[in-house]
Novice: 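Below are the structure tokens for one structure; questions will follow.
Model, not experiment: these values are computed from the prediction. Here is the naming used below: chain letters follow the sequence lines, and residue numbers restart at 1 for every chain.
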Number of protein chains: 2
Amino acid sequence: MSLSEFELIQRYFAEASTDASVALGIGDDCAVLSVPTGQQLAVSIDSLVQGTHFLEGTPADLLASRLFGSALSDLAAMGATPAWLTLALTLPEPDEDWLQLFSSRLAQLCNEYHVSLVGGDTTKGPLTLSAQVHGFLPRDHRLTRAGAKVGDLICVSGCLGDSRGGLDGLLNGFENHTEAGYLLERFYAPTPRIELGKILLGKANSCIDISDGLLSDLSHILKASGGLGARLQLEAVPISSQLIATFGEESARQWALTGGEDFELCFTLPPNYLALLSQLPVPVAVIGKVTDRADIELFLRGEPCQIQGSGYDHFQRKDD
Amino acid sequence: MSLSEFELIQRYFAEASTDASVALGIGDDCAVLSVPTGQQLAVSIDSLVQGTHFLEGTPADLLASRLFGSALSDLAAMGATPAWLTLALTLPEPDEDWLQLFSSRLAQLCNEYHVSLVGGDTTKGPLTLSAQVHGFLPRDHRLTRAGAKVGDLICVSGCLGDSRGGLDGLLNGFENHTEAGYLLERFYAPTPRIELGKILLGKANSCIDISDGLLSDLSHILKASGGLGARLQLEAVPISSQLIATFGEESARQWALTGGEDFELCFTLPPNYLALLSQLPVPVAVIGKVTDRADIELFLRGEPCQIQGSGYDHFQRKDD
């Protein structure tokens with residue numbers, strides 16, 4: 001660990017480091033941590049790479065919110081309660097202004113979500129940010145991709161496609177600038193659906209966060225659940241008025257299905273939990289049902305339909 | 001997570017994934033893990049970056065051993081028992097041959113050290129490898145940098161400077177090729193001193209692994225222990241005959257003090273544990289004593305002396 005850079009980062013984390021589960025935080029060869037009795041640990045590691053996930057010159061505070069939101073979203077998808085964060089930062093140069101902007105935004109988010117930054121490494125090289133998140137789960141309780149059952153309601157939180165709209169605007173310009181701020185915020189500062197995930201724990205049969213695109217991520221659930229299928233009503237897929245106003249209905253609908261990186265939750269719920277949907281901390285739409293045909297069938301106002309492409313893959317992106 | 005690449009990696013880890021502490025391994029949004037009752041978790045994250053830590057074209061199996069050895073060394077320095085590994089791999093292209101070579105060497109090492117690969121992320125970009133290691137520690141027992149006491153013996157394991165000799169040979173050629181294989185092995189496949197760290201737990205007052213260079217890492221101990229000092233006998237610093245034969249005594253001695261990345265342990269031991277030193281699984285040399293003067297004093301055969309430079313720092317490397 002290059003301590004000088006991390007000492008700088010640590011300055012912004014004085015408050016967060018008082019968590020009782022952190023026996024030893026940043027500054028030694030390892031952090032030493034305690035998982036509460038009766039809890040298991042959920043962990044996930046993710047990277048953001050300049051040129052792949054964001055453009056050169058992206059302000060450091062936006063990278064912090066993008067990294068934090070996308071990383072914590074994996075905890076939300078398991079129903080876990082966030083606890084600790086570690087960072088591996090590769091930077092072209094040691095830039096104190098960059099570190100200050102990055103750390104200060106990250107510290108805000110850590111405080112908001114009760115997350116302690118417990119360790120890290122800074123190295124020299126092309127700008128790459130990796131984060132590992134750690135959360136707690138009651139022993140033998142977790143949301144996974146693997147439990148969907150025939151007849152489950154297929155649900156999604158929030159609105160889909162906004163993040164892709166924000167990215168498209170960044171790359172190609174916004175056709176209509178009125179809603180650019182909203183769409184960029186959805187791209188740069190995704191909201192990890194932590195509270196929703198915790199409520200779904202023990203109720204939803206399966207869950208995933210939408211990182212690759214709705215159709216692609218839903219297919220991960222269906223495959224992991226033993227080769228099931230789905231019938232989707234496309235008019236029920238939630239799309240923001242801002243996205244439609246900016247890019248038109250056709251692009252909006254396409255991106256809602258395949259855009260990716262919205263970091264909303266897609267989950268399947270036994271029909272007897274239908275009443276739960278009105279009591280959740282975030283709007284949730286029922287968009288279809290799980291079937292026993294190993295295929296995703298799409299319907300628009302009752303008519304079968306098809307769409308192009310199925311999602312987002314880093315290594316295939318240039319062929320999109 | 002780009003699953004297709006990680007599914008490939010996972011093929012090599014079938015055996016390791018049966019560990020009872022792993023409730024859910026690779027393939028979902030998070031891994032779900034159990035820390036044994038009465039144990040705490042030690043974690044550390046490290047990155048290797050092409051052009052900073054290794055040269056373009058380095059074979060993937062050597063990168064695996066370099067990453068694994070250096071990452072586990074942080075657990076050794078805490079006295080922790082290795083348990084789990086997560087990986088964030090950024091690769092220019094999805095290269096199955098590269099992944100196969102990398103994964104197969106990594107799986108060998110994971111089996112040897114009883115480590116389970118539990119999660120990862122693969123992304124597209126300049127070659128960067130980040131690893132987080134996780135180990136167990138008996139509750140409230142750990143080796144840290146902060147406990148050195150005046151009068152402690154300063155000890156180091158193995159031989160120092162070999163890794164820097166290997167790197168120098170890679171960059172500038174070997175003056176004498178006879179021992180090139182040994183020195184390259186010490187650079188590419190450092191041995192994490194796990195068993196030594198476990199024995200020292202509860203006995204050594206402080207410990208660190210030598211990543212920046214002996215003088216630099218010892219100064220981390222002295223600073224963390226409240227501003228103590230040290231007297232070192234340079235002739236006691238262990239140097240391999242291979243390093244001397246290849247680069248001469250002057251370079252060998254310099255690199256033993258400042259070279260870095262040997263991943264041997266430097267620790268301070270109360271003098272009453274002197275007898276322990278003959279019973280350890282790796283040769284350990286006593287090279288000096290902790291003093292109350294906030295300075296490192298160097299002696300060569302009884303005479304005070306000085307050396308240039310104090311260690312290794314990524315961001316200052318170009319000025320070396």
Novice: Looking at OG of B/Ser47 and NZ of A/Lys124, how far apart are the two atoms once the value is rounded to the nearest 0.5 Å?
Specialist: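 So the gap between those two atoms works out to 15.0 Å.
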
Novice: Heavy atoms only, distances under 4.5 angstrom: which of B/Pro126, B/Ala31, B/Ala42 has the most pairs with chain A? Name it, please.
Specialist: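 Maximum pair count with chain A is reached by B/Ala31.
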
Novice: Would you be so kind as to tabulate the donor-acceptor pairs closer than 3.5 Å made by side chains of residues 83-91 of chain B, with sequence neighbours excluded?
Specialist:
unit_1, atom_1, unit_2, atom_2, d
B/Trp84, NE1, B/Ser21, OG, 2.8
B/Thr86, OG1, A/Gln132, OE1, 2.6
B/Thr90, OG1, B/Thr123, OG1, 3.0

Novice: Answer whether the closest heavy-atom distance between the side chains of B/Ser34 and A/Val35 falls below 4.5 Å.
Specialist: no

Novice: Are side-chain heavy atoms of B/Arg145 and A/Asp29 found at a separation under 4.5 Å?
Specialist: yes

Novice: Looking at A/Ile208, A/Leu75, A/Leu33, which has the largest count of heavy-atom pairs under 4.5 Å with chain B?
Specialist: A/Leu33

Novice: To the nearest 0.5 Å, what is the distance between CG (A/Asp28) and CZ (B/Arg142)?
Specialist: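 Reported value, rounded in 0.5 Å steps: 9.0 Å.
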
Novice: Rounded to the nearest 0.5 Å, how far does CG of B/Asp121 lie from CG of A/Asp46?
Specialist: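 Between A/Asp46 CG and B/Asp121 CG, I get 5.0 Å after rounding to 0.5 Å.
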
Novice: Which atoms of A/Thr144 come close to chain B, meaning under 4.5 Å heavy atom to heavy atom: side chain ones, backbone ones, both, or neither?
Specialist: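 Both backbone and side chain.
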
Novice: According to ring-ring contact (aromatic ring centres under 6.0 Å, His included), who are the partners of A/Tyr113, at least two apart in sequence or on a separate chain?
Specialist: A/Phe68

